[in-house]
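Written below as structure tokens is the structure these notes are about.
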There are 2 protein chains.
Amino acid sequence: MQEPRRAKKKTKATSMDIAHRAGVSQATVSRVLRGSPLVNAETRKRVEEAVRELNYKVDRHASSLRTQRAGTLALLLFEDPTPDDSHINPFFLSMLGSITRACAKHGHDLLVSFQQLSDDWHADYEDSMKADGLILLGYGDYIAYESKLAHLVAQGTHFVRWGAVLQGQPGISIGCDNAAGGALVGRHLIARGRRKVAFLGDASTHFPEFFARYCGCDGALREAGLRMNPALQVDADSSEQSGYDAARTLIARGHAFDAIFAASDLIAIGAIRALTEHGLRVPDDVAIVGFDGTPMARFSNPPLTTVVQDTSGAGELLVASLLRLVRDEPAESVTLMPTLEVRASSGG
Amino acid sequence: MQEPRRAKKKTKATSMDIAHRAGVSQATVSRVLRGSPLVNAETRKRVEEAVRELNYKVDRHASSLRTQRAGTLALLLFEDPTPDDSHINPFFLSMLGSITRACAKHGHDLLVSFQQLSDDWHADYEDSMKADGLILLGYGDYIAYESKLAHLVAQGTHFVRWGAVLQGQPGISIGCDNAAGGALVGRHLIARGRRKVAFLGDASTHFPEFFARYCGCDGALREAGLRMNPALQVDADSSEQSGYDAARTLIARGHAFDAIFAASDLIAIGAIRALTEHGLRVPDDVAIVGFDGTPMARFSNPPLTTVVQDTSGAGELLVASLLRLVRDEPAESVTLMPTLEVRASSGG
DNA sequence: CTGAAAGCGCTTACAG
DNA sequence: CTGAAAGCGCTTACAG
């Protein structure tokens, strides 16, 4: 007899209970639940009824132990530059949303974990059978990052990452066409009559996403006989504070500029704050364009023109590609086209 | 012979492999890995070495099947009013961050799932042994919600929820002391010389969090011989658009007001936009205070005074309480004290 | 179309 | 302190 100290959960039904109730073997119950065609329609109906009556759910661990499939993916979210709580880049949170939805659509569960880029990664999700594969999300110094990717490949880990798609890169990546995005910005600013475009964000091979945005914008300027001026580039990582600091540095240098291309929306919003404090008007004195298409771009003052990344498409593609890898099917890196959303910060 | 079509993952090591290598029984390997004291120090060392050499990880499914513990919690995030992708309330995303961290700290994994409040919930995470318990996050019509909570209790599901802590409520809740937060706002506005305080947000038992904020503010006004004027209350759910619409409605009503207490930061930011469009200055003509303490409050223009909820404390408490329930230990509902962060939108 | 049986990789009484 | 053995709840060849 169980001690009824508190409302005890009644013991969970097993496939044995279902079998008994439906008058079939336990193997047949399993066949029905896995959707095997090898079951008589009548039998199937009896089993399904028993399943409903007892509110039976297949035990995930028993099933996974037998099939050697977890039915789960793991999302590793890197948050290196801003280790302070709750200050995750909102762009990655949009990605998290779309990845979660894509997982559900593909009938998989999603484990979420935050990682320091510097840490040993929880790549052991797969070794412990907790997940069939990994989705890596978050930027950081790519040079350090790449060797870890190579390590994952060497271990045979199934993974996809979000980020710059580069030649000869280990593993497969899904990323925004950052150069195309940068070109959209360059052409837009030129069409608005701007000539001296500053860039806030690291622009080196250590941060290939930002670098490609820079180069794309430069390419568009060159089409118009202009070019980016390295004296108007200031390093910044993707945070409001960093954007604020970078804009102040830019102003302090004393070179003239009439537009800022910020490598991310957060940087742009920090830059607007710095410019406003300094008595510069946006967009009258300086046009500003961000990158990412985060919700806050719409609410900033003035509303921010931004390059919108296709987060829904990205989530779906990340999940679908990873599931292909898990099934040992071929998959390849893909680049997604961004779009420009014009708002008041660049003259509307 | 395996077909070497592509780099095959070498077969995963099992505890048997470790046992063989360390020259002990498989049972002893298991004891070492579970930290049993019933192992000789020498033996332990040999086993640990073999574990390291073969990069062995305990198989989660085998372990969980045996122990009947998943070692995993599930987070159900409701997003009813705004089903459009990527527009999740940033406050909940902060919560997600802190919950993730708290889970890691307590040695548990976290499954994340988005749910429609109207749907059948994925309460079956526990029935299928995928998770030991549920964390419920997200507001919505509480009246509809409460019956679902009662249902979960009746089923013996282990869960905690974030939200208003009410008398006689089913299950346990962790929530902000919304009335105290409202009182902070009321006293602050009075101290700034404001007298006619409008409220943007539903204020009924259907939305007990907003309602308590309203009542708390009203209580503070009464201490000063004033009170909230129902004619200055406009319904709104927690979105920028809804805040914008509500502020326009408020203005259209034509009653004088010199302050707005917005039930959330998103509502406040929408309200600022509406006021600005209408030629009203913040804070000179109207002081505005939000609620939540989201990152965007700092970046809004003007920066938004807001009631900061303790998301780190909340995440930790949610996880710790749920784990107590899972272990059949007593746990109870708790209310967390918020703080007021004063910025320029209320006169600084 | 169905059942009996083996086995996935652990954990933990039980016996020594 | 250690090993042999049972068993967690499934899935899937195998035999009929």
Side-chain angles (χ1 to χ4, degrees), chain A residues 9-48 50-51 54-72 124-132, chain B residues 9-48 50-51 54-72 124-132:
Chain A
K9 191 147 198 163
K10 52 180 177 301
T11 45
K12 211 163 50 86
T14 71
S15 57
M16 275 302 207
D17 301 325
I18 305 298
H20 187 74
R21 189 174 188 100
V24 296
S25 75
Q26 183 268 333
T28 297
V29 173
S30 185
R31 286 195 191 93
V32 169
L33 278 120
R34 301 232 91 204
S36 161
L38 303 176
V39 186
N40 177 29
E42 193 91 339
T43 314
R44 176 182 303 279
K45 206 177 302 173
R46 280 218 311 288
V47 171
E48 282 167 348
V51 165
L54 298 186
N55 192 31
Y56 169 72
K57 300 284 181 305
V58 174
D59 182 297
R60 175 54 149 273
H61 301 297
S63 174
S64 287
L65 176 58
R66 190 51 238 248
T67 60
Q68 302 289 72
R69 280 283 161 98
T72 300
D124 56 340
Y125 274 121
E126 196 170 340
D127 299 318
S128 58
M129 301 293 289
K130 287 178 189 172
D132 299 315
Chain B
K9 190 148 198 163
K10 50 180 178 301
T11 46
K12 211 162 50 81
T14 70
S15 57
M16 275 301 206
D17 300 325
I18 304 299
H20 186 76
R21 189 173 186 101
V24 297
S25 74
Q26 183 269 334
T28 297
V29 173
S30 185
R31 287 196 191 92
V32 169
L33 279 119
R34 302 232 91 205
S36 161
L38 303 176
V39 187
N40 178 28
E42 192 91 339
T43 313
R44 176 182 304 278
K45 206 178 301 173
R46 279 217 312 288
V47 170
E48 282 167 347
V51 164
L54 298 187
N55 192 32
Y56 169 73
K57 300 285 182 303
V58 174
D59 182 298
R60 175 54 147 271
H61 300 297
S63 174
S64 288
L65 176 59
R66 191 50 238 249
T67 59
Q68 302 289 72
R69 280 284 160 97
T72 301
D124 57 340
Y125 273 121
E126 195 169 342
D127 300 318
S128 58
M129 301 293 289
K130 288 178 188 173
D132 299 315

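Just so we're on the same page: letters track the sequence lines, and every chain starts at 1.
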Rounded off to whole Å, could you give me the [atom1]-to-[atom2] distance for the [X] and [N] pair?
| X | N | atom1 | atom2 | value |
| --- | --- | --- | --- | --- |
| A:Met129 | C:dG9 | CE | P | 8 Å |
| B:His20 | D:dG3 | NE2 | P | 14 Å |
| B:Ile18 | C:dT11 | CD1 | P | 13 Å |
| B:Asp127 | D:dG9 | CG | P | 14 Å |
| B:Asp17 | C:dC8 | CG | P | 12 Å |
| B:His61 | C:dC8 | NE2 | C1' | 11 Å |
| B:Arg60 | C:dT11 | CZ | P | 11 Å |
| A:Asp59 | D:dT11 | CG | C1' | 13 Å |

Please check the phosphate of [N] (OP1 and OP2 only) for any side-chain N or O of [X] closer than 4.0 Å.
| X | N | result |
| --- | --- | --- |
| A:Tyr56 | D:dG9 | no |
| B:Gln68 | D:dG9 | yes |
| B:Ser64 | D:dC8 | no |
| A:Thr14 | D:dG9 | no |
| A:Ser63 | D:dT11 | yes |

* Closest approach of A:Asp127 to B:Lys12 (non-hydrogen atoms, all atoms of both residues) ->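 Result for this residue pair: O-CD, 3.2 Å.
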* Report the residues that fulfil salt bridge (charged side-chain N to carboxylate O under 4.0 Å, His left out) with B:Arg46, sequence neighbours left out, ordered by chain and then residue number. =>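 For B:Arg46, no residue satisfies salt bridge (charged side-chain N to carboxylate O under 4.0 Å, His left out) once neighbours in sequence are set aside.
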* Checking all strands, does B:Val29 fall into the base, sugar-phosphate, or nothing category for heavy-atom contacts under 4.0 angstrom? ->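 The residue B:Val29 makes no contact with any strand.
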* Which is true for A:Ser36 with a 4.0 Å heavy-atom rule: it touches a base, it touches only sugar-phosphate, or it touches nothing? ->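 No contact.
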* Asked: What residues, two or more places apart in sequence or in another chain, satisfy side-chain hydrogen bond (donor to acceptor under 3.5 Å, both in side chains) together with A:Arg44?
  ->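 By the side-chain hydrogen bond (donor to acceptor under 3.5 Å, both in side chains) rule, A:Arg44 matches no residue at all.
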* **Main-chain N/O of A:Ala70 paired to A:Asp132 side chain as donor or acceptor, under 3.5 Å** =>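 Yes; at least one donor-acceptor contact below 3.5 Å.
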Can you list the residues that meet the side-chain contact (heavy atoms from CB on, under 4.5 Å) rule with [X], with sequence neighbours excluded?
| X | value |
| --- | --- |
| A:Ser64 | A:Arg60, B:His61 |
| B:Arg66 | none |
| B:Val58 | B:Leu33, B:Tyr56, B:Ser63 |

* Note, A:Lys130 side chain near A:Thr72 side chain (heavy atom, < 4.5 Å) ->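 In short, these two side chains do not touch, never coming nearer than 4.5 Å.
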* Asked: Considering only D:dG3, C:dG3, C:dC1, which nucleotide approaches the side chain of B:Val24 most closely?
  ->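 Nearest nucleotide to the side chain: D:dG3.
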* **Nearest-nucleotide pick for A:Ala62, side chain only, options being C:dG3, D:dC1, D:dG9** =>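 Between C:dG3, D:dC1, D:dG9, the one nearest the side chain of A:Ala62 would be D:dG9.
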* Can you tell me which residue pairs pass the salt bridge (charged side-chain N to carboxylate O under 4.0 Å, His left out) test with a partner in residues 22-34 of chain B, sequence neighbours excluded? =>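 Checked against salt bridge (charged side-chain N to carboxylate O under 4.0 Å, His left out) - neighbours excluded - no pair reaches residues 22-34 of chain B.
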Show me, pair by pair, the donor-acceptor contacts under 3.5 angstrom made by side chains of residues 16-25 of chain B, not counting sequence neighbours?
residue, atom, partner, partner atom, Å
B:Asp17, OD2, B:Thr14, N, 2.8
B:Arg21, NE, B:Glu53, OE1, 2.5
B:Arg21, NH2, B:Glu53, OE1, 2.9
B:Ser25, OG, B:Ala27, N, 3.4
B:Ser25, OG, B:Thr28, N, 3.2
B:Ser25, OG, B:Thr28, OG1, 3.2

* Dot-bracket for DNA chain D, please, read 5' to 3', with Watson-Crick or G-U wobble pairs under 3.5 Å on both distances, ( ) within the strand, [ ] crossing, | other strand, . unpaired. => |||.||||||||.|||
* C1' gap between C:dT12 and C:dG16, integer Å ->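 My reading of the C1' atoms in C:dT12 and C:dG16 gives 16 Å.
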Nucleotides 12-16 of chain C: which of its N/O atoms have a protein N/O under 3.5 Å away?
residue, atom, partner, partner atom, Å
C:dA13, N6, B:Arg31, NH2, 3.1

